[in-house]
2 protein chains.
Amino acid sequence: MTASSAPPASSDPERLPTIRDIAERAGVATSTVSRALSNPQRVNARTRERIEKIAAELHYVPSSQARGLSSGRTGAIAVLVPDVTNPFYFDIIRGTQNQLKASGYTQLLVDTEEATDVELEALRRLRRTADGIILAASRLTDAQLAEAARQQPLVTINRATADAPTVLIDTPGAMVQALEHLASLGHSKVTYVGGPTSSWSTHRRWKAIEEAASRRGMEVTRIGPYSPKTSSGAAAADAALRTGATALIAFNDLIAIGMLQRFRERGVRVPEDVSIVGCDDIFGADFCNPPLTTIASPIEQAGRTAVSMLLAQLDPLRGGMPRKLAVMPTHLQIRASTGPAKA
Amino acid sequence: MTASSAPPASSDPERLPTIRDIAERAGVATSTVSRALSNPQRVNARTRERIEKIAAELHYVPSSQARGLSSGRTGAIAVLVPDVTNPFYFDIIRGTQNQLKASGYTQLLVDTEEATDVELEALRRLRRTADGIILAASRLTDAQLAEAARQQPLVTINRATADAPTVLIDTPGAMVQALEHLASLGHSKVTYVGGPTSSWSTHRRWKAIEEAASRRGMEVTRIGPYSPKTSSGAAAADAALRTGATALIAFNDLIAIGMLQRFRERGVRVPEDVSIVGCDDIFGADFCNPPLTTIASPIEQAGRTAVSMLLAQLDPLRGGMPRKLAVMPTHLQIRASTGPAKA
DNA sequence: CAAATTTTGGCAATCGCTTGCCGTTGCGGA
DNA sequence: TCCGCAACGGCAAGCGATTGCCAAAATTTG
């Protein structure tokens, strides 16, 4: 029963210090250390300071695992995006990343590969691993989404549902602007180049366009679906040309940029022969050739907002009345890919 | 008993099933369930199947927290990049993401904001949270890196060190190619537009250029440092012009693209007045105006390789002889931003 | 000055899973 | 028939923190 059971400072370079090590050094119980560190006002200031000092000396880092196990929270938020390589999601990810870090959360990034089943599987696995989910452009059905939302705190981005808070980017609104812009340039025949069938956004956008067009007597057609990649642009461009439209609105900038390249190859001049409007104002939209007229919005802000809404949901006390819906404003960013209709 | 897509057959709809629930239902001990699920050959096939069946029925998902606590492994790998919004790192991230998912690991994405202290802090916190680290373009000193590598399994990307396995992209080699390309176009005065001082790569590239240039009697100068963003391009372009060089090699495509834009504004023609070579062949390099001659490499592959090397380090048994260094090949992707030197 | 509170801090029970250590079984060989 | 060896499965001790409950100490109150 040696009193001085050699509390080695750094004798064992491998083992990380635990609250127990701190407790021993401070001559208190582990519970006190735990409280001092994660519930400061629960402990006397002097004791706390002593403990904090020792913790710092030892370079103590709490085990999120252990903490999670006993507290039930993991300190991680999962962000699910259909495709990590799509620049649109970069901005979302940057937004969530910033806001999460600021709030002391860890970001789990998951690529769902635009596939429903991958998404479902991820959701299932994350049930235990994350405190909440941010689901960007979900491919899930309403029922699946409702189910998921029942299981764990969830915020969707660009996918409305009554069952979870949502951050929407008001692209449909901007689609109308885009149409007006085209109309004022003399275009009367417009083609919408649609995105993936499973995308909620593409339907929403098409509906907005269709409606706005019929109101002002413009003729709109729709082609697609196309995968949201620049490589789909070639096929899209060829198909778009066959519709005889003088102006094109693309599901997103990726497709639009792909079309731009294809038109260049085929000697179709933009905007002289055909005008193109993209959507999202992604990285590259301003320096492609010609620079793309597109629908811009604070995407990064959308990511941040989603995080805020999720955290508010996680602890309803602090966040105040949690919002159920946030709509991010959009505006038409006019560049050089749109011009007067061909005579 | 509901027939189709039966909801979790549980008394308490909230509580997630644990191995204990399975054990009870199967009439075995929790240890058997644990083994059946994570160490299959340790358990009789019949028992295992029964357990697996029940687990499936219950939609059992193991708690990575609990598993981590007792096993010491977290099942997560952290990927640290200086800037999540830099397209170069997005390709890395995509690579690591794919490979990690394939290996059953979770990816923790961390943005170190190009800052040493953020990087160090992240490393410290992750000590407990991740089984290993992939450190892209680390800003750490050799000593700090060595220390970090001692603390936990680590693989660096684009940052050589004797203390950890490394994936290198052979940009210096390609720099030489770039220089040759420029020489063959008649350029004799070249400026290197440098990246951040803390970047190991920028020094490495500069050295390669300097050496190659002196060998073939070309005159090279260096300007910078510039932050690796398109927005730095304007200042870089102006400064580059003042050097009187007819060809520019940029630290990366971001800067190069920014310069392209600035030159366009200023009425400087590329490549007629000045040639530009970028580096990385990021998203956008092929469709900017003019398309950028740049140094391409399998970046995504680099990410995958890094993961492989890390996993090999984690369990040395399976991975075989772990490699200490992987060099990814590069090649000069010639596009339209380079042309004959002005007479 | 005693009683009523409020602070502090300790005890010990978890959280869900892994794993070292053993006791049972079943089976082939002597 | 009996023994030894695997194979199989159970027990129970953790992993590192959190937290409800309770007692001692400090403080306020009557």
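Order of the sequence lines sets the chain letters (A, B, ...), proteins ahead of strands, with each chain counted from 1.
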Could you note down all residue pairs passing salt bridge (Lys or Arg N to Asp or Glu O under 4.0 Å) where residues 58-68 of chain B supplies at least one of them, sequence neighbours left out? none

At under 4.0 Å between heavy atoms, what does B/R48 touch on the DNA or RNA strands: base, sugar-phosphate, or nothing? nothing

Which whole-number value in Å describes the distance from B/Q65 CD to D/dG16 P? 15 Å

Length of the line joining B/E24:CD and C/dC17:P, which is rounded to integer Å: 13 Å

Is any side-chain N or O of A/R67 closer than 4.0 Å to OP1 or OP2 of D/dT19? no

Contact check, residues 28-38 of chain B vs DNA chain C, heavy-atom distance under 4.0 Å, returns B/S31, B/S34, B/R35, B/S38

Whole-Å distance separating the CD1 atom of B/I19 from the C1' atom of D/dG10: 13 Å

Nearest-nucleotide check on DNA chain D, A/L69 vs A/N39; residue mapping nearer the 5' end is A/L69

Of all residues at least two apart in sequence or in a different chain, which pass the side chain to side chain contact (heavy atoms under 4.5 Å, CB included) check with A/T166? A/T156, A/T161, A/L168, A/L325

Among all residues two or more places apart in sequence or in another chain, which pass the salt bridge (Lys or Arg N to Asp or Glu O under 4.0 Å) test with B/R124? B/E121

Between C/dC17 atom P and B/L58 atom CG, what is the distance in whole Å? 11 Å

N/O donor-acceptor pairs under 3.5 Å from side chains in residues 33-44 of chain B, not counting sequence neighbours:
unit_1	atom_1	unit_2	atom_2	d
B/S38	OG	B/S34	O	2.8
B/N39	OD1	B/Q41	NE2	3.1
B/N44	OD1	B/R46	N	2.7

Go nucleotide by nucleotide along DNA chain C from the 5' end; which of B/V61 and A/R50 gets its closest nucleotide reached first? A/R50

Whole angstrom value for the distance that separates C1' of D/dC8 from CD of B/Q41: 13 Å

What's the angle between the local helix axes at either end of the helix from C/dC1-D/dG30 to C/dA30-D/dT1, using five pairs per end and rounding to 10 degrees? 40°

For A/D83, all residues meeting salt bridge (Lys or Arg N to Asp or Glu O under 4.0 Å), sequence neighbours excluded: none

For side-chain hydrogen bond (donor to acceptor under 3.5 Å, both in side chains), just list the numbers for A/T74 and B/Q65, CA-CA rounded to whole Å, side-chain angles, deciding distance to a tenth of an Å, and then say yes or no. CA-CA 8 Å; A/T74 66; B/Q65 312 250 33; 4.5 Å; no

Protein-nucleotide distance (A/R128, atom CZ; C/dC15, atom C1'), rounded to Å: 10 Å

When you measure from the side chain of A/R139 to the backbone N and O of A/A137, does any donor-acceptor pair fall under 3.5 Å? yes

At 4.0 Å (heavy atoms only), tell me whether A/T47 reaches a base, stays on the sugar-phosphate, or touches nothing. sugar-phosphate

Which pairs, with at least one residue in residues 53-62 of chain A and sequence neighbours excluded, count as a salt bridge (Lys or Arg N to Asp or Glu O under 4.0 Å)? A/K53-A/E57

Going by the rule side chain to side chain contact (heavy atoms under 4.5 Å, CB included), which residues pair with B/A162 if we only count those two or more places apart in sequence or in a different chain? none

With a 4.0 Å cutoff (strictly under), does any side-chain N or O of B/N44 reach OP1 or OP2 of D/dC8? yes

With sequence neighbours excluded, what pairs up with A/F90 under the ring pair (Phe, Tyr, Trp, His ring centres under 6.0 Å) test? B/F90

Distances for protein N or O near nucleotides 22-27 of chain D N or O, under 3.5 Å:
none

Taking the minimum atom-to-atom distance to the side chain of B/V43, which one of C/dC15, C/dG9, D/dG9 wins? D/dG9

Length of the line joining B/R15:CZ and C/dC15:C1', which is rounded to integer Å: 11 Å

Near B/R73 CZ, under 6.0 Å, is it more than 12 heavy atoms from other residues, nucleotides or ligands? no

Rounded to whole Å, CD1 of B/I22 lies from P of D/dG10 at a distance of 14 Å

Going by salt bridge (Lys or Arg N to Asp or Glu O under 4.0 Å), name the residues that satisfy it together with A/E113, two or more places apart in sequence or in a different chain. B/K101

